[in-house]
Student: 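What follows is a single structure, and I will ask about it in a moment.
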Amino acid sequence: MPEITIDKARPGMFVTKQVENDKGMVLLPAGSVLNEALIARLTKWGVQSVVYRSDGEDAQSAGTESKPKVLDAEVTKRLEERFSPIIDDPVMKTVFEALKSFLENEDQE
Amino acid sequence: MENEPPKIDLKRIIDSISGLPTLPVVITKVTKLMQNPKVSAAEIAQAISSDQALASKILKIVNSSFYGFPSRIKTITHAIVILGFNSIKATAMSASIFSSFSGEDKDSIFDMEGFWSHSIGVGAASKILAKRLKMKEVEEAFLAGLMHDLGKVILDQYMHKPFSRILDIVKTKKCLISEAEKIVLGGHTHADIGALLVQKWNLNPEFVAIIKDHNAPTSASDYFKITSVVHVADAFIRAMDIGNPGDDLIPKINPGAWNELNINPVSLPQIFKEISEEVKKTEIFFKMTAS
C-alpha cells in the first residue's frame, strides 16, 4: 500500500492504516477519508506520513458526506470527558459551549 | 499516610540551590536602561549587541514571518525603532528564558516539550486576552503567561525526588498537579517556586505576583486584572488541549477572575480562534530561538 509524507496528502485520500502518535494513541482510524481540516490537524500533531489507497475519488467529493464524523466524534468525546467533572459550573459550561462551537467551525474551514 | 504536611521552608530550599539559572546580564542591563524614559534606541541596541548570540536571535525573529515585515531589518537599532522598546525587551526576555531552560536534561522525568507548548500557549492566550481587554500591558501579559509555570522546571531539574512523588500522585489520584504539590511540599506549589525564582531575578513585582497567584487570583492584589488574564488563559489553553501542564484536567475558573475580565460569552468562539492563530505564530517564534 502506498505511503506518503503528510505534506503530499490530499483531500479524498482513503487512509488504510490507523494513524497513531508516538504514545500509541489513535489519531485517525483506518478507513477515514482525508479532508483539508484533517490533514492540517495531522500535520499539527507531528504525523510524518500516512498509508493510503487512492480511491479514484477527487477532491470535490471530500465534501459534506464523506466528512469523517469519526475524528470529530473523538475530539468531541475527549472534550466532553474532560469537561464532565466541571460542567455543573456555569462559567465552565459557557466555556465548553464556546470551545465546541469554535472546534466545529474550525473543522469546516 | 500523609497526616501532617511536612514543614518546608521553600525559600531556604530555593536559596540553597546552586546553579539555578540566572537571567543573562544583558537583560538586567536593558531593564535598567529602560527605567530611564529618555533612553535612546541606540543605547538599548548597544546593550543588546554586547550579547552577540541574543542579538542575532532577535534579528532572526524580527525578520521572520512572526512579524511579517516586508523589508529586511538589518540592525538592532532599526528593530527597536520599528517594534518599540517594550516589544524588543519582551522578545529578548522570552528568547533568554527559553534558551536557559530548554536544554536537554537526561534526568528529566517531565515532558519538557509539552511543558513549553503549554507555556507558549498561555503566553499567546494572555496576549490575546490583554489586547481584547484593551490593557496597556500586552507584552507583560505575554511574558507572564510564558513564565507562569517555571516553578515546574525548577522542580524537575533541582528537586527531583519530591517531583517524582508529585507526578506519581497525579497519576494515581488523577488530580491537578498543584494538589499533588501541596501534599508533597507542605502546602506549597510550583507557583510559589516560580515566584521565588523571578524574585531572585529581580523582575518587576508584577511578575512575582502574577506567577504566585495565577492558580488563585486574589482581588487583594495590586495586579488582580493581569493575574486574572493569565489565570483564564491557563484554563483556556488546558481546555484547548495545547501542550502538557503535568496533568490532564481543566480547573474551574476562579469566579472573581472571570468577573474581572467581564468577557461577553458571545465573543468566546472568536477569542478561541484568535488564540489558536496566535499560538501557531508564537510557536514559530520559539522554533527560531531554539536554534
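Owing to the predicted nature of the structure, the values given are computational and were not obtained by experimental measurement. The figures that follow rest on heavy atoms only: side chains count, while hydrogens, waters and symmetry mates do not.
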Student: Where is the tightest heavy-atom contact between Leu99(A) and Phe272(B), given as atom of each residue plus distance?
Tutor: N-CE1, 3.6 Å
Student: Hey, is NZ on Lys152(B) packed in by over 12 heavy atoms from elsewhere, all under 6.0 Å?
Tutor: yes
Student: So what's closer than 4.5 Å to chain A heavy atoms on Leu249(B): side chain, backbone, both or neither?
Tutor: backbone
Student: Enter the distance from Trp258(B):CH2 to Thr94(A):OG1 here, rounded to the nearest 0.5 Å.
Tutor: 7.0 Å
Student: Considering heavy atoms only, which positions within residues 234-244 of chain B lie below 4.5 Å of chain A?
Tutor: Phe236(B), Arg238(B), Ala239(B), Met240(B), Asp241(B)
Student: Near Glu80(A) CD, under 6.0 Å, is it more than 12 heavy atoms from other residues, nucleotides or ligands?
Tutor: yes
Student: Closest heavy-atom contact between Met92(A) and Ile253(B)?
Tutor: SD-N, 3.4 Å
Student: What's the verdict on side-chain contact (heavy atoms from CB on, under 4.5 Å) for Arg78(A) and Asp248(B), showing C-alpha distance, side-chain angles and the deciding distance?
Tutor: CA-CA 11 Å; Arg78(A) 175 154 162 85; Asp248(B) 197 28; 2.9 Å; yes
Student: What distance do Gln270(B) atom CD and Asn105(A) atom CG have between them, rounded to the nearest 0.5 Å?
Tutor: 10.0 Å
Student: Select, from Ile250(B), Leu268(B), Val266(B), Ile263(B), the one with the greatest count of heavy-atom pairs under 4.5 Å involving chain A.
Tutor: Ile250(B)
Student: Is it the side chain or the backbone of Pro255(B) that comes within 4.5 Å of chain A heavy atoms, both, or neither?
Tutor: neither
Student: With a 4.5 angstrom heavy-atom cut-off, is it the side chain or the backbone of Ser276(B) that approaches chain A, or both, or neither?
Tutor: side chain
